[in-house]
Amino acid sequence: MTRVVLATAYGGPEVLTVVDQPVGDPGPGQARVEVRAAGVNPADWKSYTGAFGTDPAALPKRLGFEVSGVVTAVGPGVALAVGDEVIGFRVSGGYAAELVVPASALVPKPASLGWEQAAGLMLTGATAVHALTATGVGEGDTVLVHGAAGGVGLMAVQLAALRGARVIGTVGGGGAELVRRFGAGTVRYGDGLADRVRGLAPDGVDAAVDLVGTDEAVDVSLELVADRQRIATIAAFGRAGSEGVRALGAGPGADPGTELRDAARPDLAEAAGAGRLEVVVAATFPLEEVAAAHRQGMAGHTHGKLVLLP
Ligand SMILES: NC(=O)c1ccc[n+]([C@@H]2O[C@H](COP(=O)([O-])OP(=O)(O)OC[C@H]3O[C@@H](n4cnc5c(N)ncnc54)[C@H](OP(=O)(O)O)[C@@H]3O)[C@@H](O)[C@H]2O)c1
């Protein structure tokens, strides 16, 4: 038996509960992982708050797309060994003390990378890689990152800088210092945003990535970036369709980028292990306090990653 988090109904974090469930043995192509840390992402609470629908047949729901942990058993045909330290992404039901996953979801965890950082690396990192690749961000570009202090934002800021771009990040205040630590300029979002960005980038903005989904982020991107194919959003899927900008991820009409995101995993692990990419952990919570973790995330101003510790 192992402890797993379940959403037993649609609603707020009060629908979350921790129960014991059998974990099972890995079948062909699978491995069992003892979870050391599980990354928390907005998609986790969106899965039970109704943002992605309220199909009663989908209940109860397991949560969690990314973990770090240790292999405890392998099925036939799996080139991993018991004791291997791994990062799992994309997994299903990662909010657990132990789970069985496809071996294809596992990449080696660099020894130098902490469990919490490893658990928070992949979903945000792969999303940021997708956004920067889709908008062609490279050497000499100036890129505007909306929501720079968030989980995806801090990855996009660092990865854009590693590509040789100049980064301007929008922040609400509390995250400005953190974003600037990674070499970006910062501007407050809110009325007058476009003018503040122009003040920092008098020669113009080449690309923009919206990691928040507000009308303001879309409007300011359209105002400042000449080429709509160099604007991407991971959240404003409705606006993307009508404005002709790139929509990325699991939203309606969006490019899921599954292959690109999967392919990004070894490079992300290498960069984080080598210290070129930092996973900022905002807070950790015991698995039993998952509802508190989600309440903090849902408030919308987390700077870095929330991580659960089984
Ligand atoms: N499509 C995909 O593939 C994909 C993948 C991952 C995430 N997402 C989505 O992308 C969004 C961000 O995810 P995340 O993991 O980065 O979330 P997060 O860690 O909770 O960060 C959200 C950030 O948004 C900032 N923010 C809040 N209101 C803002 C506003 N009006 N303008 C600009 N920034 C604002 C907050 O910082 P301040 O303190 O500065 O306000 C906060 O740090 C979520 O909606 C998530 O569901 C989509």
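Owing to the predicted nature of the structure, the values given are computational and were not obtained by experimental measurement. For ligands, and for the atoms within them, numbers begin at 1 and follow the listed sequence. Starting from 1, each residue takes its place in the sequence as its number.
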| said: For His294 and Phe285: C-alpha separation, side-chain torsions, deciding distance, then whether ring-ring contact (aromatic ring centres under 6.0 Å, His included) applies. | reply: CA-CA 10 Å; His294 280 201; Phe285 295 81; 9.3 Å; no
| query | Does ligand 1 have an atom under 4.0 Å from some heavy atom of His303? | reply | yes
| remark: atom 36 (C) of ligand 1: of Gly300, Gly304, Gly147, the nearest heavy atom sits on Gly300
| message | Among Thr302, Asp44, Val145, Leu211, which one puts a heavy atom closest to atom 43 (O) of ligand 1? | response | Thr302
| field | Non-hydrogen side-chain atoms of Gln30 and Val101 separated by less than 4.5 Å | value | no
| request: List the closest protein heavy-atom neighbour of atom 17 (O) of ligand 1: residue, atom name, distance to the nearest 0.1 Å. | output: Pro42 CG, 3.5 Å
| Side chains of Arg90 and Arg261: closer than 4.5 Å at any heavy-atom pair? | yes
| task | State, without any angle test, whether Arg230 and Thr135 hold a side-chain donor-acceptor pair at a distance under 3.5 Å. | result | no
| request: Mark up the atoms of ligand 1 that fall under 4.0 Å of a heavy atom belonging to Gly249, in ascending order. | output: 1 (N), 2 (C), 3 (O)
| task | Check ligand 1 against Gly151 and write out every atom of the ligand that is under 4.0 Å from a heavy-atom position of the residue. | result | 16 (O), 18 (P), 19 (O), 21 (O)
| message | Does this structure show an ion pair linking Arg246 with Asp255, if we count only N-O contacts that are shorter than 4.0 Å? | response | no
| query | Of the protein's non-hydrogen atoms, which lies at the shortest distance from atom 10 (O) of ligand 1, and what is that distance? | reply | Ile234 CD1, 3.1 Å
| field | Which segment of Val152 sits under 4.0 Å of ligand 1 when only heavy atoms are counted | value | both
| query | Can you tell me which residue and heavy atom of the protein come closest to atom 33 (C) of ligand 1, and the distance to 0.1 Å? | reply | Tyr189 CD2, 3.0 Å
| message | Please check whether Leu123 reaches ligand 1 - meaning an N/O of the residue sits under 3.5 Å from an N/O of the ligand, judged on distance alone. | response | no
| said: Please check: side-chain N/O of Thr233 versus main-chain N/O of Ala235, any donor-acceptor pairing under 3.5 Å? | reply: yes
| remark: Any heavy atom of Lys46 under 4.0 Å from ligand 1? The part involved is side chain
| task | Could you tell me which atoms of ligand 1, counted from 1 in the order shown, lie closer than 4.0 angstrom to a heavy atom of Val171? | result | 40 (O)
| request: Kindly confirm or rule out an N or O of Thr170 lying under 3.5 angstrom from an N or O of ligand 1. | output: no
| For Ala43 and ligand 1, does the shortest N/O to N/O distance drop below 3.5 Å? | no
| request: Taking only heavy atoms of Leu248 into account, list the atoms of ligand 1 that are under 4.0 Å away from them. | output: 1 (N), 2 (C), 3 (O)
| field | Heavy atoms of other groups near Gln229 CD, more than 12 under 6.0 Å | value | yes
| request: Please could you name the atoms of ligand 1 that Gly172 approaches to less than 4.0 Å, counting only its heavy atoms? | output: 38 (P), 40 (O)
| field | Sub-4.0 Å atoms of ligand 1 with respect to non-hydrogen atoms of Thr214 | value | 31 (N)
| field | Glu139/Arg166 salt bridge by N-O under 4.0 Å criterion | value | no
| request: Identify which of Gly251, Gly150, Ala254 has a heavy atom lying nearest to atom 23 (C) of ligand 1. | output: Gly150
| field | Contacting atoms of ligand 1, where contact means under 4.0 angstrom from a heavy atom of Ala149 | value | 43 (O)
| Any chance CZ of Arg181 has more than 12 other-residue heavy atoms, nucleotides or ligands included, within less than 6.0 Å? | yes
| field | Reported CZ-to-OG distance for the pair Arg62 and Ser47, which is rounded to 0.5 angstrom | value | 12.5 Å
| said: Please work out, at 4.0 Å between heavy atoms, whether the side chain, the backbone, both, or neither of Arg261 comes within that distance of ligand 1. | reply: side chain
| task | Mark yes when over 12 heavy atoms from residues, nucleotides or ligands other than Asp191 sit less than 6.0 Å from its CG; otherwise mark no. | result | no
| field | Test item: Val145 and Leu211 side chains (from C-beta on) under 4.5 Å apart, heavy atoms | value | yes
| said: Checking the N or O distance criterion of under 3.5 Å, is ligand 1 in contact with Glu216? | reply: no
| said: One thing to verify: whether Glu66 and Lys305 come together as a salt bridge, which I'm taking to mean a side-chain N less than 4.0 angstrom from a carboxylate O. | reply: yes
